[in-house]
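Just so it is clear: chains get the letters A, B, ... in the order the sequence lines come, proteins before strands, and each one is counted from 1.
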Number of protein chains: 2
Amino acid sequence: MSEPSRTTPATLHDVAREAGVSLATASRSLNGSTRRVNEEYRQRVLDAAAKLNYTPNLSAQAVARGTTTTVALLVADIADPYFSSIAAGVVAEADAEHLIVTMAATERDPERELELVRQLRGQRPRVMILAGSRPTVDRTEGALADELAAYEASGGRVVLISRNELDFRTVLLENRGGAERLARELVGLGYRRFAVVTGGEGLRTAADRLEGFRAGLAAVGGRLDDADVVRSAFTRDGGYDGARRLIERGLDGIELVFATNDVMAVGALSAIRDAGLTPGRDLAIAGFDDIPTVQDVTPPLTTVRVPLEELGRRALRLALAEDADAGADADATAGETAHPRGGSVEAEVVLRASTPGIG
Amino acid sequence: MSEPSRTTPATLHDVAREAGVSLATASRSLNGSTRRVNEEYRQRVLDAAAKLNYTPNLSAQAVARGTTTTVALLVADIADPYFSSIAAGVVAEADAEHLIVTMAATERDPERELELVRQLRGQRPRVMILAGSRPTVDRTEGALADELAAYEASGGRVVLISRNELDFRTVLLENRGGAERLARELVGLGYRRFAVVTGGEGLRTAADRLEGFRAGLAAVGGRLDDADVVRSAFTRDGGYDGARRLIERGLDGIELVFATNDVMAVGALSAIRDAGLTPGRDLAIAGFDDIPTVQDVTPPLTTVRVPLEELGRRALRLALAEDADAGADADATAGETAHPRGGSVEAEVVLRASTPGIG
DNA sequence: CTGTTAGCGCATTCAC
DNA sequence: GTGAATGCGCTAACAG
């Protein structure tokens, strides 16, 4: 109110002067971990800071301390509910730890991802979290691994979400196991002939889910022909397109289509309907992830629930944990893929109306 | 490869030494705006940087330059498709400008929002973007305004998205106009009796949409009784709950319910169905925003389309524009609320099966 | 406990 | 052009 028009934010120096103490004392009062400063001084500093509306310059703190309070988060697509839920979890947990999260989108491009990792390193983030699958075979993978390793060597922590191809701390989904159980349940419901609509570029996540589904079917006598696995983009439109192709080609006895993630399943659902069929009756459908939307479509979708937000929280917790191998797996399910340096998050089959019993 | 186990990232100093030049030359070669350095030296520096895998320390640069490359983004809820779409736009545009975006969630709590703004100021972000409506009456608003004003006074740019209550650069949605046109079209379709399900805490956005809807109805003879405006949380569950209450109370001739945003509409849709009614036939429904999901529910929802991602892009562009009043409104629609310091984004009515003609 | 001083990594003025 | 030297805002020894 009294200060006329200072165009630059108050500095620690200003606060110290205002309070009539030294820079060090001001610093200690405001931030110093071990508070060992005369209460009166401390109060004066606090008052001065409040009066000047002082906020510590985080960049300067970072430079002086040699460490930041930043966590960098890389996702494929921010608007995708799968990733935005994970991001929400990361941000929530970060907030609790007084960490700031910076976000970037790879747009599913490995080159771009690598470039972003390089760039983000400039922030010297304490943690780097990479969510989202990459192609199972990818020529930039080596470079990425090198880059991340260098980052870790300099004290950073990297955590991978649902991608076990690299040797870093990792939070895994039970992709394979979840899909396998789904397959079993579906066969239990009476289904015998299946088709799959899945991501096309050899994405690890998609591949694992498909593999698990296959294994489940094999165990209980369901049938999935190779010709009935159609590949498409790992998006809503990809799902729509995949299902449409399947239908146009002729269903020929197929009773249920499994889309390897929910956004695809939702797209597939619309494709089925647009083709004049009644989803759930003429052709059953199941997805994976349990994004919020699937409860509101008609019929509600059978899926495999993954606690997406928890996944994000867990990733950050794992990053911050002193011992990567310990804390992480504590409450993890006995998943198929207990990662040596991380945990696995349980997936749960949720049966809904899109896969009625046809026993 | 050759460097054994340096535990700390390469510094500019290292690069300079490796290249056999001075710190200044290294700095100039790597970043200097006006490049005025011997090509040979420059190349040596570049090579050295590459060899050492050098990345400039952004914090240090920020301290030295007195300015950052950060944009801070505040949203209510990251997992909400409305906000995640906006965020995607901000991130995309930021990326193009070589800016880094940090993200935080207010969880719709004004106190928390204020706290976050204070905290985020520590980053000395170049831009601060606040998305999401606040209560129309809110006792922390003054404090927020002061805080933001102080931030602007120190050279920062704040941009508000869809909240015109404060005197800052603003990107507005055509909330009022969009809702008004929707009302007119709906009456044109033959509807006469309406109900509204809307956000409860007096949110500005919700209020504007309701007001516009009312105005539209009034103009063409639609009827909306005060008793038929039910308030609830501005979320999917809020929409479900609102519609449920409406139905339990007795529809009494109401033909269409307008939910003031799509996530509520989707919830309402499910409530209608769960009540044993057929949405679109027994009770029509319309929303606002055109989030992706509404095309995949049954029936697809009539809504008012808002280019959410563009909104985010626009916000950042507006922040970066030299003259707030110029560039911004260039391609803006002649909205009802042409903000003095920003633009308005056009909203377009999209009629779908959830509101069949009943002429 | 408190104040002084020396960095942190980098940009930039200033002499050369 | 190039290289010292200075400073950015802050923390962390180091002396008093």
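- The salt bridge (charged side-chain N to carboxylate O under 4.0 Å, His left out) search around A/E18 returns A/K51, not counting sequence neighbours.
- Atom CG of A/L12 and atom P of C/dT5 are 17 Å apart (whole Å).
- Residues from residues 55-72 of chain B placing a heavy atom under 4.0 Å of any atom in DNA chain D, listed by number, are B/V63, B/A64.
- Ion pairing of A/E113 with A/R163 is present here, as a side-chain N (NZ or NE/NH1/NH2) and a carboxylate O approach within less than 4.0 Å.
- With sequence neighbours excluded, the residues that form a side chain to side chain donor-acceptor pair (under 3.5 Å) with B/T25 are B/S22.
- With sequence neighbours excluded, the residues that form a side chain to side chain donor-acceptor pair (under 3.5 Å) with B/R121 are B/E147.
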What pairs of nitrogen or oxygen atoms, one from the protein and one from nucleotides 13-16 of chain D, lie under 3.5 Å apart?
none

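- For A/Q123, the side chain to side chain donor-acceptor pair (under 3.5 Å) partners two or more places apart in sequence, or in a different chain, are A/T102.
- With sequence neighbours left out, A/S29 forms a side chain to side chain donor-acceptor pair (under 3.5 Å) with no residue at all.
- Atom CG of B/L52 is separated from atom C1' of C/dG9 by 15 Å (rounded to the nearest Å).
- Atom P of nucleotide C/dA11 and atom CG of B/L30 are separated by 8 Å, given to the nearest angstrom.
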Enumerate donor-acceptor pairs with a distance under 3.5 Å from any side-chain N or O in residues 83-91 of chain B to protein atoms, sequence neighbours excluded.
residue: B/S84; atom: OG; partner: B/D80; partner atom: O; Å: 3.4
residue: B/S84; atom: OG; partner: B/P81; partner atom: O; Å: 3.4
residue: B/S85; atom: OG; partner: B/P81; partner atom: O; Å: 2.9

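- B/R139 has a carboxylate O that lies under 4.0 Å from a charged side-chain N of B/E111, or vice versa, which qualifies the two as a salt bridge.
- One finds a side-chain N or O of A/N31 lying less than 4.0 angstrom from the OP1 or OP2 phosphate oxygen of D/dT11.
- Rounded to a whole Å, the CZ atom of A/R17 is 15 Å from the P atom of C/dG3.
- Direction of the helix axis in the helix from C/dC1-D/dG16 to C/dC16-D/dG1 shifts by 40° between the two five-pair termini, rounded to 10°.
- Of the possible donor and acceptor atoms, one in the side chain of B/T68 sits under 3.5 Å from a partner among the backbone N and O of B/R124.
- A close approach under 4.0 Å does not occur between any side-chain nitrogen or oxygen of A/T25 and OP1 or OP2 of C/dC1.
- For the OP1/OP2 pair of D/dC10 and a distance below 4.0 Å, the side-chain nitrogens and oxygens of A/T11 include at least one atom meeting the criterion.
- For the salt bridge (charged side-chain N to carboxylate O under 4.0 Å, His left out) test, no residue two or more places apart in sequence or in another chain qualifies with A/E97.
- The salt bridge (charged side-chain N to carboxylate O under 4.0 Å, His left out) test applied to B/E93 returns B/R313, B/R317, not counting sequence neighbours.
- Applying the salt bridge (charged side-chain N to carboxylate O under 4.0 Å, His left out) rule to A/E107 yields the partners A/R112; only residues at least two apart in sequence or on another chain are considered.
- For A/S27, a side-chain nitrogen or oxygen approaches OP1 or OP2 of D/dT11 to under 4.0 Å.
- When each of B/A26 and A/Y54 is assigned the nucleotide of DNA chain D bearing its nearest heavy atom, the one mapping closer to the 5' terminus is B/A26.
- For A/N38, taking side-chain heavy atoms from C-beta onward, the closest of the listed nucleotides C/dC1, D/dG9, C/dG3 is C/dC1.
- One interatomic measurement links the two molecules: CZ of A/R44 to P of C/dT2, which rounds to 10 Å at whole-angstrom precision.
- For A/L23, the side-chain atoms get nearest to D/dT11 when compared with the rest of C/dG9, D/dT11, D/dT2.
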